[in-house]
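In this text, all values refer to a predicted model and were calculated from it rather than measured experimentally. Just so we're on the same page: letters track the sequence lines, and every chain starts at 1.
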Protein chains: 2
Amino acid sequence: MPETGWATVPFMSTLNKTEGVSLYVQIRETLRSQLNSGDFETGQKLPAEDELAAQFGVSRMTVRRSISDLVDEGLLYRRHGAGTFVAQPHVERDHNRLTNFFDTEQAREIDVEVQLLHQEVVPARLLVANALALQETEPVIRIHTLRRVDGIPTAVYDEYIPYLLDPGLLQEDFRYRPAWQVLESAGYKVKRAVQKIEARPADETFARLLDVEEDAPLLYKHRVVYLEDGTPVSLLLCHNRGDKYAVKMTLLR
Amino acid sequence: MPETGWATVPFMSTLNKTEGVSLYVQIRETLRSQLNSGDFETGQKLPAEDELAAQFGVSRMTVRRSISDLVDEGLLYRRHGAGTFVAQPHVERDHNRLTNFFDTEQAREIDVEVQLLHQEVVPARLLVANALALQETEPVIRIHTLRRVDGIPTAVYDEYIPYLLDPGLLQEDFRYRPAWQVLESAGYKVKRAVQKIEARPADETFARLLDVEEDAPLLYKHRVVYLEDGTPVSLLLCHNRGDKYAVKMTLLR
DNA sequence: GAGTGGTCTAGACCACCCG
DNA sequence: GGGTGGTCTAGACCACTCG
């Protein structure tokens, strides 16, 4: 009888071959819940892939796929010839994902209020045209909002979408969902975004909107969202109060 | 005879089964060079996986692995039941990697100069101890530098490494390589970093070092580097002149 | 219905690590 | 040398897309 819990769990009995969920996903989530439950020590070795495959009643390629996903997430790591091991927990992950500010922030019971300043169709200025691969003066939908957190003005969002991509979008409510999520609901396959972050001084307009002194440091974000085929579909220009906002990201070797 | 170049290239003859490079890597790089050469139009369909496998003379699972890598990079995208397609080029990728500032910036013939302000062993203050999972006052190696680009002071780096991890590191030259690269050379398996970015006003010290006015906007970066097993091995506190520096990152859905 | 990608099998051989 | 992960095969069946 091993002292770890690994070999004692009748893994294979938990798999369901008839439902819609693939085996490698079921196995991955089974392993993840084992890891999250905290039963396993940092650095502890998992059973070999052969053995896990036998326990789950699947082929080794299938269990490898499950493990690979968890390795990509940083929960496990492999050493060729040695084994698969449990990484230290609590390393923050999953910054580098497109997420909805409201899903993540409001879930923490933070009070977010959105004031719509403009929702209109305007000709693209050069910066916007460049980001969205349009000609200058082509029409774009502009959504301009001021966001308050706990009553404190925190960010000014200026978001642009090519009008000709889908004129019907002009009728959507962009206040509580980022543009990419509105596009997703409309059937577009949103895949990735590239953003650039700078520290900039507040000009007179932003100082007034954000209730800070002129030249106060703002965190400026320039984000372009792309579909899976690489089409740019939205540009977000975002000015955040420097003292109220931070961006996190994960870098891989 | 198809009108595309895909079927006309004798792929399999280019593979080398005896050298050290795995087949899926050879196939991936062959496909990548085809894509980079620009012969293929955005949205063009690739041959089916079955056919590519036949052309390369490998099994379908092998060619799938190659394609999956390119899909992860954003060069291709798959549609279940429809095919694999070429994504739009020129989407910037591969931010989110740990890279050496000098490899990337000096390669562009930018003149970077590093002035060592301190290299010493000090007791960890609370911020440092928290980031590196140490007790306060445990000894850490501190590397404090001022960086000039084209003669203009651009960034102040303050980097910390647990002294007890490897006391010999104190003798290393940290000026032209980030700490994580020094650690890598010493045999440590560097895996990931988590960084937080803020906009902050320059205090008197940073204003003097960076030759800006007090309260000028700085881009502040707090970065912790982790080994593959999750051990934190370095903390970087970095203050960049806001008007001279930007951070880019890619977000995935 | 034909073509495609998504999943899965039951093996195999190799390179690498460690005691 | 025994155990491990890395790669690869030659199939198979399914789910999905599209004309």
Side-chain angles (χ1 to χ4, degrees), chain A residues 2 6-7 11-12 15-31 43-72 75-87 187 189 228-229, chain B residues 2 4 6-7 11-12 15-31 43-72 75-87 187 189 191 228-229:
Chain A
W6 286 108
F11 284 133
M12 63 180 286
L15 297 186
N16 183 331
K17 296 212 181 197
T18 58
E19 254 179 43
V21 182
S22 55
L23 293 177
Y24 81 88
V25 171
Q26 294 181 55
I27 292 167
R28 182 186 69 204
E29 297 311 317
T30 301
L31 292 175
Q44 183 174 340
K45 190 165 94 62
L46 262 66
E49 295 175 350
D50 282 332
E51 192 183 332
L52 282 174
Q55 286 182 25
F56 281 109
V58 300
S59 74
R60 187 178 153 219
M61 287 296 277
T62 300
V63 83
R64 258 184 80 74
R65 166 105 194 236
S66 307
I67 291 173
S68 294
D69 284 356
L70 298 173
V71 168
D72 288 343
L75 292 168
L76 300 174
Y77 62 99
R78 289 198 263 232
R79 282 187 186 277
H80 189 178
T84 303
F85 303 86
V86 180
K189 307 283 189 185
E228 63 175 9
D229 67 1
Chain B
T4 79
W6 286 107
F11 284 132
M12 63 179 287
L15 297 186
N16 182 332
K17 296 211 181 197
T18 59
E19 253 179 43
V21 183
S22 54
L23 294 176
Y24 82 89
V25 171
Q26 293 181 55
I27 293 167
R28 183 186 69 206
E29 297 310 318
T30 301
L31 293 175
Q44 183 173 342
K45 190 164 94 63
L46 262 65
E49 295 177 350
D50 282 332
E51 193 182 332
L52 283 175
Q55 286 181 25
F56 281 110
V58 300
S59 74
R60 187 178 153 220
M61 287 297 277
T62 300
V63 83
R64 257 183 82 73
R65 166 106 193 236
S66 307
I67 292 173
S68 294
D69 284 354
L70 297 173
V71 168
D72 288 343
L75 292 168
L76 300 174
Y77 62 99
R78 290 198 263 232
R79 283 188 185 276
H80 190 180
T84 303
F85 303 86
V86 180
K189 308 283 189 185
K191 184 59 184 297
E228 63 176 8
D229 67 359

Next item on the list: Specify the separation, in whole Å, of atom CG of A/Leu76 and atom P of D/dT4.
Entry: 16 Å

Next item on the list: May I have the distance from A/Glu51 (atom CD) to D/dT4 (atom P), rounded to whole angstrom?
Entry: 8 Å

Check: By salt bridge (charged side-chain N to carboxylate O under 4.0 Å, His left out), which residues pair with B/Arg65, not counting sequence neighbours?
Finding: none

Next item on the list: Under the side chain to side chain donor-acceptor pair (under 3.5 Å) rule, collect the residues that match up with A/Thr62, sequence neighbours excluded.
Entry: A/Ser59

Next item on the list: Measure from CD on A/Glu228 to C1' on D/dT17 and round the result to the nearest Å.
Entry: 13 Å

Margin query: Test of understanding: with ring pair (Phe, Tyr, Trp, His ring centres under 6.0 Å), list the residues that count as partners of B/Phe85, not counting sequence neighbours.
Written below: B/Tyr77

Checklist line | Side-chain N or O of B/Thr84 closer than 4.0 Å to phosphate OP1/OP2 of C/dG5 | finding: yes

Note to self: For B/Glu49, give me all partners under salt bridge (charged side-chain N to carboxylate O under 4.0 Å, His left out), at least two apart in sequence or on another chain.
What the structure shows: B/Arg60, B/Arg64, B/Arg78

Output one line per pair: protein atom, nucleotide atom from nucleotides 6-10 of chain D, and distance, for all N/O pairs under 3.5 Å.
residue, atom, partner, partner atom, Å
D/dG6, OP2, A/Arg64, NH1, 2.7
D/dG6, OP2, A/Arg64, NH2, 3.1
D/dG6, OP2, A/Arg78, NE, 3.1
D/dG6, N7, A/Arg60, NH2, 2.7
D/dG6, O6, A/Arg60, NH1, 3.0
D/dT7, OP1, B/Tyr24, OH, 3.1
D/dT7, OP2, B/Arg65, NH1, 3.0
D/dT7, O4, A/Arg60, NH1, 3.4
D/dC8, OP1, B/Leu23, N, 2.3
D/dC8, OP2, B/Tyr24, N, 3.2
D/dT9, OP2, B/Ser59, N, 2.8
D/dT9, OP2, B/Ser59, OG, 2.9
D/dT9, OP2, B/Thr62, OG1, 2.5

Notebook entry, point to check: Does a side-chain N or O from B/Lys45 land closer than 4.0 Å to OP1 or OP2 of C/dT4, or not?
Noted result: yes

Notebook entry, point to check: What is the distance, rounded to the nearest whole Å, between atom CG of B/Leu46 and atom C1' of C/dG5?
Noted result: 13 Å

Check: What do the steps show when you test A/Leu76 against A/Val86 for side-chain contact (heavy atoms from CB on, under 4.5 Å), and what is the final call?
Finding: CA-CA 5 Å; A/Leu76 300 174; A/Val86 180; 4.3 Å; yes

Next item on the list: With sequence neighbours left out, write down each residue that passes side chain to side chain donor-acceptor pair (under 3.5 Å) with B/Asp72, or none if nothing qualifies.
Entry: none

